[in-house]
Number of protein chains: 2
Amino acid sequence: MKNSIKVERAKLNITQAQLAELVNVSRQTINAIELGKYNLSTILALKIAQVFKQPVQNVFELEDSDWQSDGNS
Amino acid sequence: MKNSIKVERAKLNITQAQLAELVNVSRQTINAIELGKYNLSTILALKIAQVFKQPVQNVFELEDSDWQSDGNS
DNA sequence: AATTAATGTAAAGTAAACATGACATAAAGA
DNA sequence: TCTTTATGTCATGTTTACTTTACATTAATT
């Protein structure tokens, strides 16, 4: 899964730590998600998309490889 | 978080088991998600929304209570 | 060049998302 | 009514999302 968190943060000019605070997770969690290290929960994705005032699909995009395995990782 | 999986399944006239197969998870997982028993991963939410040809926010909707706690459960 | 702010990374722990197998019940059709 | 299909649920197990603490690195400011 790809994401555009870094770009959207730049638009709003906020840091990872500030985004983390806005959605109530740790800064490290935002960092890991932004770097594609794991598959965040849907509630968190909805919150992040709402902060960015974007549809979820605009921030998080499926890749073809995501269809080959199951819902995890 | 609320969801409209049951309604969207009805539109397509597919069972929980069929949806499960389409997105490569177990039938029990779809059942639990549909009943709101847990907070599915974003990849899975994107897959389900894609099967339904709907935006994620149209299938999965944040509730106010989701903002009070953290990204989990 | 020195300090601060922002980001990246790592280790260890906890909670929860998933899987599988099994069974109970409800709905539907023959 | 009998059988099949669809849904709900429980128990057990594994994987992983997320937390916390801590430190290293990079970027920005003075």
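Naming convention: chains lettered A, B, ... in sequence-line order (proteins, then strands); numbering from 1 in each chain.
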Round to a whole Å and report the spacing from [atom1] of [X] to [atom2] of [N].
| X | N | atom1 | atom2 | value |
| --- | --- | --- | --- | --- |
| B:Leu44 | D:dT16 | CG | P | 15 Å |
| B:Ile33 | C:dA16 | CD1 | C1' | 13 Å |
| A:Asn24 | D:dT20 | CG | C1' | 16 Å |
| A:Leu19 | C:dA6 | CG | P | 14 Å |
| A:Gln18 | C:dT7 | CD | C1' | 13 Å |
| B:Ile5 | D:dT7 | CD1 | P | 12 Å |
| B:Phe60 | C:dA17 | CZ | P | 13 Å |
| A:Tyr38 | C:dA16 | OH | C1' | 13 Å |

Inset, instruction - Using a 4.0 Å heavy-atom cut-off, write out nucleotides 20-30 of chain C from 5' to 3' as B (base contacted by protein), S (sugar-phosphate only) or - (no contact). - result: BBB--------

Legend entry - B:Asn3 side chain reached by B:Ile48 side chain, heavy atoms, under 4.5 Å: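 No. Closest side-chain heavy atoms not under 4.5 Å.
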
Legend entry - Side-chain heavy-atom pair A:Leu40, A:Val25 within 4.5 angstrom cut-off: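 Not in contact.
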
Legend entry - Heavy-atom pair of closest approach, residues A:Gln16 and A:Glu34: NE2-OE2, 3.4 Å

Legend entry - Minimum heavy-atom distance between B:Ile43 and A:Asn39, given as atom pair plus value: N-OD1, 3.2 Å

Between the protein and nucleotides 27-29 of chain D, which nitrogen or oxygen pairs come in under 3.5 angstrom?
none

Legend entry - Residues, nucleotides or ligands: over 12 heavy atoms within 6.0 Å of A:Glu21 CD: no

Legend entry - Contacting residues from residues 8-16 of chain B, given that a heavy atom lies under 4.0 angstrom of DNA chain C: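 Hits under 4.0 Å, by residue number: none.
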
Inset, instruction - Would you sort out whether A:Leu22 and A:Ile14 count as a side chain to side chain contact (heavy atoms under 4.5 Å, CB included), showing the intermediate values? - result: CA-CA 10 Å; A:Leu22 285 170; A:Ile14 59 175; 4.2 Å; yes

With a 3.5 Å cut-off and sequence neighbours excluded, list the donor-acceptor pairs that the side chains of residues 49-59 of chain B form with protein atoms.
{"unit_1": "B:Gln54", "atom_1": "OE1", "unit_2": "B:Asn58", "atom_2": "ND2", "d": "2.9"}
{"unit_1": "B:Gln57", "atom_1": "OE1", "unit_2": "A:Val56", "atom_2": "N", "d": "3.3"}

Inset, instruction - Run through B:Leu35, B:Thr29, B:Ile33 and flag the one making a side-chain contact (heavy atoms from CB on, under 4.5 Å) with B:Asn31. - result: B:Leu35

Inset, instruction - Rounded to the nearest 0.5 Å, what's the gap from CD1 on A:Ile5 to CZ on A:Phe60? Could you check? - result: 4.0 Å

Legend entry - With sequence neighbours excluded, residues passing side-chain contact (heavy atoms from CB on, under 4.5 Å) with B:Glu63: B:Lys2, B:Ser65, B:Asp66

Legend entry - Partner set under side-chain hydrogen bond (donor to acceptor under 3.5 Å, both in side chains) for B:Gln28, not counting sequence neighbours: none

Inset, instruction - Identify which nucleotide among C:dG8, D:dT19, C:dA17 has an atom closest to any side-chain atom of A:Leu35, counting heavy atoms from C-beta outward. - result: C:dG8

Inset, instruction - Give a yes/no on whether any side-chain N or O of B:Asn31 is located under 4.0 angstrom from OP1 or OP2 of D:dG8. - result: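 Answer yes for this pair, as a side-chain N or O of B:Asn31 is under 4.0 Å from OP1 or OP2.
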
Inset, instruction - Respond yes when some side-chain nitrogen or oxygen of B:Lys37 is under 4.0 Å from OP1 or OP2 of D:dT9, and no when none is. - result: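 Result: yes.
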
